[in-house]
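Presented below is the structure to which this report refers.
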Amino acid sequence: MNICFIASECDPFVKVGGLGDVVYSLAKELVGLGHHVNIILPYYKSIKASNLEYVSQKTINLGGVYYDYHIYKTYLNSVEVYFIDQKTFFGREYVYGTPKGPYEDNYLRFAFFSLASLDLLSNVCRLPDVIHIHDWHTALVSVYKDLYFKHLDQTATVLTIHNIAFQGIFPNHILPQIGIPWELFNPEDLEFYNQVNYLKGGIVHSDVITTVSKTHAKEIQTNMGFGLEGILREKRYVFGILNGIDTDVWNPATDKSLYQNYDTSNFKEGKKYNKAYIKELFGLETPKERPLAVFIARLTRQKGLDLIDDAIDDAVKIGYDFIFLGSGDYYYQGKVLDMVKKNMGHVAARIEYNDVLSRKLYGGADVFLMPSEYEPCGIGQMIAMRYGAVPIVHKTGGLADTVIDYNEDKEQATGFSFEEYTYKDLLYAFARTMIVYQRSDEWDKLILNDMNSDFSWRKSVQEYIKIYKTAKLLRMH
Ligand code: ADP
């Protein structure tokens with residue numbers, strides 16, 4: 001098949017969160033199975049791409065304004081990647097906004113990108129069987145396609161919702177600027193409480209909707225759709241497909257960032273070595289052996305920092321050390337730094353995005369902390385398990401689908417999960433984890449179960465192929 005991904009992130013060019021991981025690793029997997037995939041991305045200022053080939057200059061009319069842009073192309077392991085270079089929109093320091101908040105013209109930046117991508121794929125690329133769009137940033141692709149690209153009628157659209165909390169909701173007066181007629185501003189379409197909702201438009205106009213775990217597919221149609229439950233229930237084709245991780249990129253046996261590589265045969269020595277180094281790096285030289293819990297995520301409310309803040313003093317008392325690595329909201333940066341101040345010597349943090357450091361932390365951690373309030377899939381916990389860091393998670397979305405709790409099934413267990421989103425439940429999970437940590441045979445078994453878990457794309461890529469075929473069939477009839 002011929003598939004075109006249109007997305008706002010793609011590792012290693014640009015990654016803010018899990019979306020970046022998924023776009024590239026899924027594309028690579030599809031190419032490995034013989035499919036043709038191209039990816040269209042905005043050419044952000046931060047992107048460093050080698051062997052760029054200049055394709056052409058183009059102009060589009062968006063809401064009566066003409067915008068010029070340039071197209072570049074490169075290859076990444078046989079995946080064809082196109083960049084849309086429009087300096088006013090994408091020549092900025094950040095991807096979505098500064099730590100103070102999102103860029104005010106995001107509605108225009110991503111409307112432009114969606115329209116320009118359709119223009120690019122109709123004129124420059126091979127016409128795809130399926131266009132696969134991701135999150136609100138590219139949701140308008142389906143809307144513009146129905147409005148202005150009738151020659152793409154046979155091309156199906158699949159929309160994957162990676163994080164339904166972000167929907168791209170803007171005041172309705174922007175409609176003329178983004179070239180969308182007022183007829184579409186109704187409750188069956190883009191209208192949402194008298195505002196314009198990009199994701200809702202994408203849901204209505206796409207052939208098939210997917211989200212990133214089976215549990216989350218149910219959640220978004222019942223209690224966690226952030227207002228879109230009804231429209232999603234009306235959709236016939238809503239599926240949950242668990243994300244995979246690229247097991248070549250995330251491999252403790254070969255990861256060059258680690259102080260010492262290890263696999264299932266020597267993880268005890270390997271992890272011990274890495275732990276000692278990162279503790280030194282972060283100034284956590286506690287003399288007694290204590291489990292090291294690591295948190296690596298965007299610093300936002302979603303990631304459970306309020307619970308951690310309430311539980312951390314007691315967790316330190318019962319014997320944990322902590323390292324935080326994250327960037328994001330000022331409010332949560334402050335919270336993390338306060339936790340460090342209050343627990344000097346046992347809690348340390350770096351407020352930054354740092355891939356190399358994250359790898360060292362996955363390698364040296366005993367415990368990986370991910371008590372997210374909600375989590376569509378979660379990549380962090382899968383990477384952690386592959387690196388033998390035992391996860392403590394809130395039982396929600398993809399965390400519920402990937403972590404087997406110790407109390408549920410001791411033989412198969414891969415971590416610890418808690419049901420109620422309260423700090424007491426988190427603290428109880430810390431306590432349960434500590435008991436098993438002290439029984440070294442049982443702990444090692446947990447680590448082995450983690451490292452032996454299969455989080456590759458092997459299964460999920462087949463499910464995507466089935467969905468692409470379904471979407472294509474729907475278009476043909
Ligand atoms: P989300 O998509 O909500 O951000 P995921 O768990 O799905 O969360 O994906 C997060 C990805 O981003 C993981 O690969 C994680 O390692 C990475 N990541 C998050 N914060 C940082 C950071 N500060 N430094 C390095 N990597 C990070």
Side-chain angles (χ1 to χ4, degrees), residues 7-26 46 94-96 99 134-137 160-166 211-213 215-216 224 226 240-252 255 257-258 278 281-282 294-305 323-329 332-333 336-337 348-365 368-387 389 391-394 396-403 415 455 457 460:
S8 57
E9 295 178 36
C10 171
D11 193 43
F13 300 113
V14 50
K15 169 176 156 185
V16 177
L19 169 64
D21 290 298
V22 173
V23 167
Y24 174 61
S25 50
L26 174 58
S46 58
Y94 295 95
V95 174
Y96 301 125
H134 300 264
D135 277 349
W136 76 264
H137 314 98
T160 295
I161 302 174
H162 298 261
N163 196 337
I164 198 161
F166 300 100
T211 187
V212 287
S213 66
T215 296
H216 197 58
M224 238 181 262
F226 289 78
I241 306 177
L242 199 65
N243 287 332
I245 55 173
D246 186 329
T247 46
D248 298 330
V249 170
W250 298 105
N251 183 355
D255 191 330
S257 306
L258 294 185
I278 52 165
L281 187 70
F282 279 83
V294 157
F295 173 99
I296 304 168
R298 290 178 294 113
L299 300 180
T300 60
R301 180 194 149 120
Q302 182 203 335
K303 299 296 175 180
L305 286 156
I323 295 178
F324 291 82
L325 172 66
S327 60
D329 303 352
Y332 286 104
Q333 291 186 15
V336 168
L337 295 175
R350 285 270 184 92
I351 306 295
E352 62 174 312
Y353 185 93
N354 187 326
D355 181 67
V356 170
L357 195 52
S358 79
R359 290 164 180 277
K360 292 188 196 304
L361 289 170
Y362 284 119
F368 184 73
L369 190 52
M370 199 155 170
S372 310
E373 188 176 10
Y374 67 91
E375 194 59 74
C377 175
I379 299 282
Q381 84 283 10
M382 294 196 257
I383 300 173
M385 288 189 259
R386 182 145 170 84
Y387 282 62
I392 295 181
V393 301
H394 176 215
T396 180
L399 298 174
D401 292 0
T402 51
V403 176
F455 293 118
W457 276 99
S460 299

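Counting convention: from 1, in listed order, for ligands and their atoms alike.
- For His394 and Tyr374, the distance between ring centers is not under 6.0 angstrom.
- Between Met224 and Pro376 there is no side-chain heavy-atom pair separated by less than 4.5 Å.
- In this structure, the side chain to side chain contact (heavy atoms under 4.5 Å, CB included) partners of Val249, at least two apart in sequence or on a different chain, are Asp246, Arg359.
- Partners of Phe455 under the side chain to side chain contact (heavy atoms under 4.5 Å, CB included) rule, at least two apart in sequence or in another chain, are Ile245, Met382, Met385, Thr402, Ser453.
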N/O contact list for ligand 1, threshold under 3.5 Å:
{"unit_1": "ligand 1", "atom_1": "2 (O)", "unit_2": "Gly18", "atom_2": "N", "d": "2.5"}
{"unit_1": "ligand 1", "atom_1": "3 (O)", "unit_2": "Arg298", "atom_2": "NH2", "d": "2.7"}
{"unit_1": "ligand 1", "atom_1": "3 (O)", "unit_2": "Lys303", "atom_2": "NZ", "d": "2.8"}
{"unit_1": "ligand 1", "atom_1": "4 (O)", "unit_2": "Arg298", "atom_2": "NE", "d": "2.8"}
{"unit_1": "ligand 1", "atom_1": "6 (O)", "unit_2": "Ile379", "atom_2": "N", "d": "2.9"}
{"unit_1": "ligand 1", "atom_1": "6 (O)", "unit_2": "Gly380", "atom_2": "N", "d": "3.1"}
{"unit_1": "ligand 1", "atom_1": "7 (O)", "unit_2": "Ile379", "atom_2": "N", "d": "3.1"}
{"unit_1": "ligand 1", "atom_1": "8 (O)", "unit_2": "Lys303", "atom_2": "NZ", "d": "3.1"}
{"unit_1": "ligand 1", "atom_1": "9 (O)", "unit_2": "Gly18", "atom_2": "N", "d": "3.2"}
{"unit_1": "ligand 1", "atom_1": "14 (O)", "unit_2": "Lys15", "atom_2": "NZ", "d": "3.0"}
{"unit_1": "ligand 1", "atom_1": "14 (O)", "unit_2": "Asp21", "atom_2": "OD2", "d": "3.1"}
{"unit_1": "ligand 1", "atom_1": "16 (O)", "unit_2": "Tyr362", "atom_2": "OH", "d": "2.6"}
{"unit_1": "ligand 1", "atom_1": "23 (N)", "unit_2": "Glu352", "atom_2": "O", "d": "2.8"}
{"unit_1": "ligand 1", "atom_1": "24 (N)", "unit_2": "Asn354", "atom_2": "N", "d": "3.0"}

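- Scanning for side chain to side chain contact (heavy atoms under 4.5 Å, CB included) contacts around Leu337 gives Ile351, with sequence neighbours left out.
- A cation-pi contact, defined as under 6.0 Å to the ring centre and within 45° of the axis, links Arg350 to Phe282.
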